[in-house]
Peer 1: 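Could you have a look at this structure, given as structure tokens, before my questions?
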Amino acid sequence: METKFAPYGRPVWETANGLQADTAWLLRPAARMSDVWGRGSTVAEELRPREAVHRVEAGPEPWQTSVVLVVVICFYCYMLYRFRRDMMSCLRNIGNTEDMLTLMEGQGADFAYFLRSGIALAVLSGAALIMVWLEIQLPGVESYYLFFGAVGAFGGVALYRRAAFGVMRWLTEHKALFGEITFINRIDLAFIAVFYTPLAIIVGISGRFFVLGLAVLGGLVVYHFAALYKYFKLRAFSKLQWILYLCIVEILPVSFIIALAVRNSGIN
């Protein structure tokens with residue numbers, strides 16, 4: 001096809017006979033190939049590059065991801081073997097606020113170690129999952145920077161929660177309540193870590209199922225909020241106090257870090 005242009009300064013729809021309904025008249029069939037591509041043009045059997053083509057191999061997989069996932073798997077297996085009795089005791093009482101508070105009074109040193117190990121496992125699994133996801137979104141950033149950045153974000157949330165608990169304990173007369181809330185948070189975090197780590201490992205190894213991982217994690221977070229609501233209801237607190245606690249202590253630091261990371265990274 002050959003393009004015919006209208007005279008300079010005149011609209012493409014204006015002709016000598018008046019206004020044209022469309023612009024199809026601007027195109028007419030070309031008689032020969034040379035009319036389109038120029039004289040001496042031929043049809044090539046294959047595309048031939050002007051310069052030598054060098055094959056670019058895909059870069060190696062980040063070794064940091066493999067190291068972190070191996071550490072998470074080993075630590076998870078250690079917890080299953082070392083704290084299996086405490087883990088079963090936690091699972092039997094999960095979801096029952098009164099039994100969990102009774103468990104708080106009778107816990108020993110091993111149970112305290114189990115809760116601390118659960119927190120460490122949650123940090124490792126969460127940081128590994130964030131690192132794997134950010135490797136796809138930010139391929140130019142080294143993996144260990146992403147991992148330590150995620151660990152630092154978890155540390156910032158922990159410091160904020162400790163400071164918020166200190167301020168609320170100072171403002172209220174019921175100081176023992178915050179010890180019970182802290183214990184419930186630790187048990188729920190250990191339960192979430194034990195339950196969610198296998199899925200986090202699968203997502204980290206395969207690099208897929210992120211939507212499924214987020215859905216399961218969202219369900220576990222909803223369970224944690226429901227457990228806190230049962231506790232506040234047991235202690236005769238109002239729903240408004242429960243909502244204020246969730247917004248100030250649970251939701252605010254996480255949403256702030258997520259918004260800050262998305263804004264600085266340029267992720268749409």
Peer 1: Any chain of hydrophobic side-chain contacts (each under 4.5 Å) joining Leu214 to Ile130?
Peer 2: no

Peer 1: What residue among Leu80, Ile192, Leu121, Leu124 forms side-chain contact (heavy atoms from CB on, under 4.5 Å) with Thr197?
Peer 2: Leu121

Peer 1: Begin from the C-alpha positions of Arg186 and Thr182 and carry the test side-chain contact (heavy atoms from CB on, under 4.5 Å) through to its verdict.
Peer 2: CA-CA 6 Å; Arg186 289 178 178 177; Thr182 302; 3.7 Å; yes

Peer 1: Okay, side chain of Ser255, backbone of Leu252: is any donor-acceptor separation there less than 3.5 Å?
Peer 2: yes

Peer 1: What distance do His224 atom NE2 and Asn185 atom CG have between them, rounded to the nearest 0.5 Å?
Peer 2: 4.5 Å

Peer 1: Please name the pair of heavy atoms, one in Phe183 and one in Leu115, separated by the smallest distance, quoted to 0.1 Å.
Peer 2: CE1-CD1, 3.9 Å

Peer 1: Under 6.0 Å from the CZ atom of Arg161, do we count more than 12 heavy atoms belonging to anything else shown?
Peer 2: yes

Peer 1: Taking the side chain as every heavy atom from C-beta outward, state whether Val249 and Tyr160 have any pair of such atoms under 4.5 Å apart.
Peer 2: no

Peer 1: Tell me, with the steps shown, if Lys239 and Lys233 meet side-chain contact (heavy atoms from CB on, under 4.5 Å).
Peer 2: CA-CA 8 Å; Lys239 294 181 180 179; Lys233 187 177 180 180; over 6 Å; no

Peer 1: State whether the number of non-hydrogen atoms from other residues, nucleotides or ligands found under 6.0 Å of Arg85 atom CZ is greater than 12.
Peer 2: no

Peer 1: Quick one, Tyr76 and Ser125 - any side-chain contact, counting heavy atoms below 4.5 Å?
Peer 2: no

Peer 1: Verify the neighbour count for atom CZ of Phe210: are there more than 12 heavy atoms of other residues, nucleotides or ligands below 6.0 Å?
Peer 2: yes

Peer 1: Which heavy atom in Ala127 sits nearest to a heavy atom in Phe147, and how many Å separate them?
Peer 2: CB-CE1, 3.6 Å

Peer 1: Assess whether atom CZ of Phe195 is packed by more than 12 heavy atoms of other residues, nucleotides or ligands within 6.0 Å.
Peer 2: no

Peer 1: Count I, L, V, M, F, W, Y as connected when their side-chain heavy atoms are under 4.5 Å apart, and connections chain through other members. Are Leu199 and Val72 then in the same cluster?
Peer 2: yes

Peer 1: In this structure, would Val70 and Ile205 fall into the same cluster of hydrophobic residues linked by side-chain contacts under 4.5 Å?
Peer 2: no

Peer 1: Can you name the nearest heavy-atom pair linking Leu129 to Tyr196, along with the distance?
Peer 2: CD2-OH, 3.5 Å

Peer 1: Do side-chain atoms of Arg82 reach the backbone of Met79 as a donor and acceptor pair under 3.5 angstrom?
Peer 2: no

Peer 1: How far apart are the closest heavy atoms of Ile181 and Tyr231, and which atoms are they?
Peer 2: CG1-CE2, 3.4 Å

Peer 1: Among the clusters formed by ILVMFWY side chains lying less than 4.5 Å apart, do Met88 and Ile187 turn up in the same one?
Peer 2: yes

Peer 1: Hey, what's the ring geometry for Phe83 with Phe114, parallel, tilted or perpendicular (30° and 60° as the breaks)?
Peer 2: tilted

Peer 1: Find out if a path of hydrophobic residues (ILVMFWY) with successive side-chain heavy-atom gaps under 4.5 Å connects Tyr229 to Ile248.
Peer 2: yes

Peer 1: Working note: Asp188 + Leu220, criterion side-chain contact (heavy atoms from CB on, under 4.5 Å); need CA distance, chi angles, decisive distance, verdict.
Peer 2: CA-CA 9 Å; Asp188 287 349; Leu220 293 173; over 6 Å; no

Peer 1: Do other residues, nucleotides or ligands put more than 12 heavy atoms under 6.0 Å from the CZ atom of Arg162?
Peer 2: no

